[in-house]
Amino acid sequence: MQTPTYGPTYLAAGLQLPVNWLDYTILAIYFVVVLGIGLAARRSVKTSLDFFLSGRSLPAWITGLAFISANLAATEILGMAANSAQYGAYTVHWYWIGAIPAMVFLGLVMMPFYYGSKVRSVPEFLLLRFDRAAHLLSSILFAFAAILIAGVNLYALAIVVEALLGWPQWVAIVVAGAFVLAYITLGGLSSAIYNEVLQFFVILAALIPITILGLKKVGGWGGLTDKLTATHGHNFTTAWGGTGIGSTNPLGANWLTIVLGLGFVLSFGYWTTNFAEVQRALSAKNLSAGQRTPLIAAYPKIFIVFLVMIPGLVAAALVPTIGTSGSGLQYNDAIPYLMQELLPNGVLGIAVTGLLAAFMAGMAANVSSFNTVFTNDIWAKYVVRGREDAYYVRFGRLITAIGVAASVGTAFLASSFSNIMSYLQTLFSFFNVPMFVVFIVGMFWKRASAKSGFWGLLAGTVTAMVNYFVLYKKGIISIPTDQGANFVSAIAGFVAGAVVMVAVSFFTKPKPAEELRGLVYGTRSPGMSEAPAAGDDAWYRKPALLGWGAVVLAAACYIPFSF
């Protein structure tokens, strides 16, 4: 098995692309369209609800595509291709176990609580269910995580543009940051969402040619699996091979940590509590559209794995030593390497534009969610309260600029990870998982007291960090890979948060039953009893059918990769 390198996240110096005027023209047209969408969206921003949640007026298909595009950032593209080059076909777990069930759960179970309670953010739900301490801590943790993740996108963009186009890193950072700042400041969330819909199709236009030409290069799927089996072993091209407890495999994780750590704790923590995603569903025009938002997004999510996994596998087949010190290529180089090797001018311009679109989508999603949480959940509730609505719109635009500037400052924290997806999964285990356990216990257990939310969130966050930085990094416990350590950290954070919440609840008073209406499973609020709108009886407008269809389809996709 290859020995991975863990140096700074730089792309190989020899990957600069032979771009010409045609490629730059395509790139320029894209940037003009992005700014045009921002200017058009500005006309609809009249209140803070318009700026932060698009006035809750968008149709489900728009919010659904924005939901998946916000997730399909370039860190996802580069990171999952890097995952595939390093770990092989195990990457499918991040999609069919690590995404689809959680997205369906969000749509069918959690969106009625979010939308029905009329909250503007995920942390605000904790204010209603628990108390101000839980709300403030969750707001601070989320705002901090959003800036870190936006910084990952910005840093990754800089190193990609420097390697592929020859631009200095500071130029790439300034240009991308300025465009994201411009269109979010102009049009708020509506601008971000409509640009994410555009970016979704641009990203697909970039990935499809790379995947098709990559397969052709290695002799189709059969040629690819033959090459990888010969150089990396049989388990490299299977989803479950070698995952028995005590067995070895490229991922360094067994079926139990995959199912519990990734499939339950990490994935449910990310998809159900990450406001960068949930914000898109909250902007939908009614509860039915809000529920269908993650369910519509689940269908393309099922198949996108092929567009990021296959290029990583192709790169591993063409350069069997990728990720080792002797190859000159890191795992993150998989997509850029194939762009250089396979794409002609014109198509190359579309691919570069797709990568830039993906980076901007990921950064914009985190910056727009950051400005909402910081303005509504921190500034308006604890610093400057009771001002007129226009003041908070102005402050939201100001904090957007501050958030972009802070993202520049946090960008270089990602440089210590050779696989940027490992870095993102580490952040999710620290911030999303503890918030998820607080949500899940609070939603399904009426006895969970107001005080338990704060202490459960704190305990889960601290435990996940201690497991990663102390037990794993200092070698006190032996875990083969960073990804395996992330799974264990997520499980530890979840268990610690749940145990502390139960313990604290037994020693403190629960909230009165009337205050829990619409916030705990089995109770209903007026917003949750919404009658279907005219025409909402069609099968494709029924959340339950969409949700179970996505689960069945994802399960069926596992069959060819099972053994």
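Position 1 is the first residue of the sequence, and the numbers go up from there.
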Worksheet item: Does the pair Met80 and Tyr95 meet the rule for a side-chain contact (heavy atoms from CB on, under 4.5 Å), with working shown?
Response: CA-CA 10 Å; Met80 283 305 178; Tyr95 290 78; 3.3 Å; yes

Discussion item. Just by distance, no angles: are the side chains of Tyr30 and Gln199 close enough, under 3.5 Å, to form a donor-acceptor pair?
Written reply: yes

Practice prompt. Please step through side-chain contact (heavy atoms from CB on, under 4.5 Å) for the pair Val278 and Thr273, ending with a clear verdict.
Written response: CA-CA 7 Å; Val278 176; Thr273 66; over 6 Å; no

Worksheet item: Given Phe494, which of Phe439, Phe264, Phe428 fulfils the ring-ring contact (aromatic ring centres under 6.0 Å, His included) condition?
Response: Phe264

Worksheet item: Which class fits the ring pair Phe436 and Phe268: parallel under 30°, tilted 30 to 60°, perpendicular over 60°?
Response: tilted

Worksheet item: Are Asn83 and Tyr331 linked by a side-chain donor-acceptor pair shorter than 3.5 Å?
Response: no

Discussion item. Does any part of the side chain of Phe431, heavy atoms only, come nearer than 4.5 Å to the side chain of Phe144, both counted from C-beta?
Written reply: yes

Worksheet item: Any chance the rings of Phe67 and Trp271 have centres within less than 6.0 Å?
Response: yes

Worksheet item: Mind checking whether Tyr468 and Phe430 have parallel, tilted or perpendicular rings, split at 30° and 60°?
Response: perpendicular

Discussion item. Quick check: closest heavy atoms across Pro209 and Leu343, and the distance to 0.1 Å?
Written reply: CB-CD2, 4.2 Å

Practice prompt. Taking the side chain as every heavy atom from C-beta outward, state whether Val305 and Trp94 have any atom pair closer than 4.5 Å.
Written response: no

Worksheet item: Quick one: does Ile210's side chain get under 4.5 Å of Leu307's, heavy atoms only?
Response: no

Worksheet item: Backbone N or O of Gly475 within a donor-acceptor pair of the Ser478 side chain at under 3.5 Å?
Response: no

Fill in: Verdict with supporting geometry, Ile302 and Cys557, side-chain contact (heavy atoms from CB on, under 4.5 Å)
CA-CA 8 Å; Ile302 293 171; Cys557 288; 3.7 Å; yes

Worksheet entry | Shortest non-hydrogen contact between Ala99 and Ser267, atoms and distance | N-CB, 4.2 Å

Fill in: Heavy-atom check, side chain of Val104 versus side chain of Trp548, under 4.5 Å
no

Worksheet item: With no hydrogens and no angle check, do the side chains of Thr400 and Asn371 hold a donor and an acceptor under 3.5 Å apart?
Response: yes

Practice prompt. Check for a donor-acceptor pair, side chain of Thr463 on one end and backbone N or O of Gly493 on the other, with a separation under 3.5 Å.
Written response: no

Fill in: His93-Tyr558 side chain donor-acceptor pair, cut-off 3.5 Å
yes

Worksheet item: Between Tyr299 (side chain) and Ala550 (backbone), is there a donor-acceptor pair under 3.5 Å?
Response: yes

Worksheet item: Has the side chain of Thr238 got a donor or acceptor atom that lies under 3.5 Å from a matching backbone atom of Asn235?
Response: yes

Fill in: From Tyr24 atom OH to Thr353 atom OG1, the distance as rounded to the nearest 0.5 Å
11.0 Å

Discussion item. Taking the side chain as everything from C-beta on, heavy atoms only, tell me whether Val470 gets closer than 4.5 Å to Ile476.
Written reply: yes

Worksheet item: If every non-hydrogen atom of Ala66 is compared with every non-hydrogen atom of Val197, which pair is closest and at what distance?
Response: N-CG2, 4.2 Å

Discussion item. Pairing donors with acceptors under 3.5 angstrom, does anything connect the side chains of Thr426 and Asn486?
Written reply: yes

Discussion item. Would you say that Phe236 contacts Thr229 through its side chain, given a criterion of any heavy-atom pair below 4.5 Å between the two side chains?
Written reply: no

Worksheet item: Do Leu65 and Phe201 have side chains that get closer than 4.5 Å, going by heavy atoms?
Response: yes

Discussion item. With heavy-atom distances below 4.5 Å as the criterion, would you say the side chains of Met435 and Asn274 are in contact?
Written reply: no

Worksheet item: Which pair of non-hydrogen atoms, one from Gly354 and one from Val202, has the smallest distance, and what is that distance?
Response: CA-CG1, 3.6 Å

Worksheet item: In terms of side-chain heavy atoms, does Arg280 have a donor or acceptor partner in Ser369 at a distance below 3.5 Å?
Response: no

Practice prompt. Measure from the side-chain N and O atoms of Asn195 to the backbone N and O of Ala192, and report whether any donor-acceptor pair falls under 3.5 Å.
Written response: no

Worksheet entry | Considering all heavy atoms, the nearest Met309-Thr91 contact | CG-CB, 4.3 Å

Fill in: Donor-acceptor pair between Thr225 and Thr237 side chains, under 3.5 angstrom
no

Worksheet item: Between Asn467 (side chain) and Ala464 (backbone), is there a donor-acceptor pair under 3.5 Å?
Response: no

Worksheet entry | From CA spacing to verdict: side-chain contact (heavy atoms from CB on, under 4.5 Å), Thr231, Lys227 | CA-CA 6 Å; Thr231 57; Lys227 286 181 172 63; 5.6 Å; no

Fill in: Phe306 ring center near Trp96 ring center (under 6.0 Å)
yes

Worksheet item: Does a side chain donor of either Thr63 or Thr293 reach within less than 3.5 Å of an acceptor in the other side chain?
Response: yes

